Amino acid sequence: MTEPFKVAVLMGSDSDLDRLQPCLDTLSAFDVPFEARVLSAHRTPAELIQFVEQAPSRNMGVFICAAGGAAHLAGVVAGHTTLPVVGIPMDNAPLGGLDALLATVQMPGGVPVATFAVGGGGPKNAALFAIRILGLSSPGLAEKLVQQRAAMATQVLKKDQRLQDKLSAAN
Ligand code: RP5
C-alpha cells in the first residue's frame with residue numbers, strides 16, 4: 001500500500017496557533033496526517049527553505065501556510081515548490097488581517113497561493129481544500145468529503161426545521 005500524502009502546516013509564529021487550531025482539528029477529523037511547524041519567512045528563512053525543499057521526499061502533498069502582518073510565508077513557500085500552497089491570513093492587530101490578506105492573496109502571476117478567509121471559516125476551509133486536493137488520489141478521502149457535505153446539509157435542515165417549529169408555535 002502506498003503511504004498517504006501528508007499536509008505541511010506552517011505558521012509564522014506560535015502566536016498563530018490558537019486561531020489555526022480548527023485547521024489542525026479538521027485534518028485530524030479526516031485522519032489526514034500532517035506536520036505542523038513554526039517557521040518564519042523572515043525570522044528563520046534558511047530553515048523554512050530547507051523544510052520546503054525536503055517536503056517532496058518526505059511525502060508532503062500540500063502546504064498550508066498561516067501568517068499575520070507582512071505575511072510572506074505562503075508566497076515564499078510557493079516560490080520554492082511546485083506543490084499546491086494554501087494561504088491563511090491571520091487577523092492580527094492593529095490592521096485586523098487586511099495587511100496579511102493582501103500580502104497573501106496579491107501574488108504575482110506564475111506563483112499561485114490559494115488564499116482563504118481572514119478569521120471565521122478560513123482555517124477550517126484551508127484544511128478542507130487541502131483534503132479536496134488529496135482526495136483526487138484517495139477514494140477514501142473523497143468519500144469522507146461526500147459524507148461531510150451530507151452531514152452539514154442535515155444539520156442545516158434540522159436548524160431550519162427548528163425555526164419552522166418555533167414560528168408555527170408563535171402563530
Ligand atoms: C508573523 O508575524 C506571524 O505569522 C505572526 O502572525 C506575526 C506576529 O508574530 P509574533 O510577534 O507574535 O511572534 O510572522
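Just so it is clear, the model here is predicted, and its values are computed rather than measured. Just so you know, ligand 1 is whichever comes first in the structure, and atom 1 is the first atom listed for that ligand.
Distances from ligand 1 to the non-hydrogen atoms of H42 include no value under 4.0 Å.
Among residue pairs with one or both ends in residues 96-123, none qualify as salt bridge (charged side-chain N to carboxylate O under 4.0 Å, His left out); sequence neighbours excluded.
Nearest non-hydrogen protein atom to atom 7 (C) of ligand 1 is N92 ND2, 3.4 Å. Of all protein heavy atoms, the one lying nearest to atom 5 (C) of ligand 1 is D16 OD1, 3.4 Å.
When G69, A71, G12, G68 are ranked by how near their heavy atoms come to atom 2 (O) of ligand 1, first place goes to G68.
Linking ILVMFWY residues whenever their side-chain heavy atoms come closer than 4.5 Å, directly or via other members, places L48 and L83 in the same cluster. Both L20 and V7 are part of a single hydrophobic cluster, where members link through side-chain heavy atoms under 4.5 Å apart. Hydrophobic clustering of Ile, Leu, Val, Met, Phe, Trp and Tyr side chains at less than 4.5 Å, counting indirect connections, keeps L95 apart from L101.
Listed by atom number, the atoms of ligand 1 under 4.0 Å from A67 heavy atoms are 4 (O). Remark: ligand 1 atoms within the under-4.0 Å shell around heavy atoms of S13 are 3 (C), 4 (O), 5 (C), 9 (O), 10 (P), 12 (O), 13 (O).
Ligand 1 has an N or O atom lying under 3.5 Å from an N or O atom of S15, backbone or side chain. For ligand 1, none of its N or O atoms has an N or O atom of S40 under 3.5 Å away. Between R43 and ligand 1, at least one N/O pair is under 3.5 Å apart.
When non-hydrogen atoms are compared, ligand 1 lies under 4.0 Å from neither the backbone nor the side chain of L73.
At a threshold of 4.5 Å between non-hydrogen side-chain atoms, the residues N92 and R19 count as touching.
A salt bridge links E35 with R58: at least one charged nitrogen is closer than 4.0 Å to a carboxylate oxygen. Looking at K124 and D25, no side-chain N of the basic residue comes within less than 4.0 Å of a carboxylate O on the acidic one, giving no salt bridge.
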